[in-house]
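This report concerns only the one structure given below.
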Amino acid sequence: MREYTKISVYAIQALLLLFGFPPGVLQCAVGDEGYCSVPNQKADSNSQPLYWKVTNPTLSPEHLQDLPGFTRSVIKRDHAVITPESHVFSPLPDWTNTLGAYLITPAMGSHFVMYLANMQDNSKSALPPRDVERFLFVVMGTVVLSNASGISHRLLVDSFAYLPANFEHSLKCDTSATLVIFERRYSVLEKHISELIVGSTDKQPLLETPGEVFELRKLLPVSAPYDFNIHIMDFQPGEYLNVKEVHYNQHGLLLLEGQGIYRLGDSWYPVQAGDVIWMAPFVPQWYAALGKTRSRYLLYKDVNRNPLNS
Ligand code: UGY
Ligand code: MN
């Protein structure tokens, strides 16, 4: 009986080779039980730079990489999962030497845009449209942020900046850098103004999360001038959201590290570093971290405004 199992494993391997799949795709362990397993997943190596997986994602399971037309991306009325194999880059309007991929835009129903900007040699940003505020987070490389009075900040991986609407600034890069950027039309509140903010995630304090186990940092002040915040949420493998959230706020999410399962509405998605998620208001949402390493995601959330006014 065991011999038959071995023979059929060899036959499948021969067929896979014949169809051009690399050896090792079907790594079979034929023991007393005669089981057949997928290749062992290696834990993420600690030797890679921070957020390395975002710019070097696993495009699809090894055995599906060459399958024409395969993508994990899904676009639905109230949510979307946009995975790296379907990112499409083109020159960002008015930027120099920069390719951008708009991943979430109002065409989907959001009130914000979320995009990746790949800055190349001697690249320079353009300003957002009038009355539009900007938040950027460095995923790879280094950029220099300068304002109109010539004051500049070097932003390394894990650094971020918030630029109020109509704030003159430029971003420059002499080698290469990847940024994730959020922009939205500022929702003005009388007697409140938002200000330039520059920081880095590791300098932000851990916040209380009553009833939850994940670790939370907020990158922007929680005060009234700010009409959105950016959360950095960390889950150890096996940890999950306790609240099965349904709320009026919108989200744009970039999984910076790790892997897990995201529930969106009635669908359950395996997700990994590099994946982007759009969550419309009121879409049921829940996450569980799996695998061997921490999950960390960056999350846009609109806050501090009466839903009747925005
Ligand atoms: O704050 C939030 O709404 C956050 N916990 N949502 C999420 O992680 N999907
Ligand atoms: Mn939420």
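Here, residue 1 is the first one in the sequence, and each next residue gets the next number. Ligands are counted one by one from 1 in listed order, and the atoms in each one are counted from 1 as well. Keep in mind that the numbers below use all heavy atoms, side chains included, and drop hydrogens, waters and symmetry copies.
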4.0 Å heavy-atom contact, Glu212 with ligand 1: no
Asn166 side-chain N/O to Asp131 backbone N/O, donor-acceptor pair under 3.5 Å: yes
Parallel, tilted or perpendicular: ring planes of Tyr226 versus Tyr162, cut at 30 and 60 degrees: perpendicular
N/O donor-acceptor pair under 3.5 Å between Glu239 side chain and Ala288 backbone: no
Atoms of ligand 1 close to Leu299 [distance to a heavy atom under 4.0 angstrom, numbered from 1]: 4 (C), 6 (N), 7 (C), 8 (O)
Subset of ligand 1 atoms that lie under 4.0 Å from at least one heavy atom of Tyr297: 7 (C), 8 (O), 9 (N)
Pair listing, salt bridge (charged side-chain N to carboxylate O under 4.0 Å, His left out) test, anchored in residues 197-222, at least two apart: Arg217-Asp234
Summary of salt bridge (charged side-chain N to carboxylate O under 4.0 Å, His left out) pairs that have at least one residue in residues 138-159, sequence neighbours excluded: none
Side-chain donor or acceptor of Ser125 paired with backbone N/O of Leu171 under 3.5 Å: yes
Nearest non-hydrogen protein atom, atom 1 (O) of ligand 1: Lys301 NZ, 2.8 Å
Side-chain cluster (under 4.5 Å, hydrophobic types only) that Phe282 belongs to, other residues: Val246, Tyr248
Heavy-atom pair with the smallest gap, counting every atom of Lys301 and His231: CD-CE1, 3.9 Å
Residue portion contacting ligand 1 (non-hydrogen atoms closer than 4.0 Å) for Tyr262: side chain
Heavy atom of the protein closest to atom 9 (N) of ligand 1 (residue, atom name, distance): Gln285 OE1, 2.7 Å
Asp302/Arg184 salt bridge by N-O under 4.0 Å criterion: no
Shortest protein contact, atom 5 (N) of ligand 1 (heavy atom only): Glu245 OE2, 2.6 Å
Distance filter under 4.0 Å to His231 heavy atoms, resulting ligand 1 atoms: 1 (O)
Contacting atoms of ligand 1, where contact means under 4.0 angstrom from a heavy atom of His247: 3 (O)
Under-2.8 Å neighbours of the Mn ion (ligand 2), protein N/O/S atoms only: 4
Centroid separation Phe235 to Tyr297 less than 6.0 Å: yes
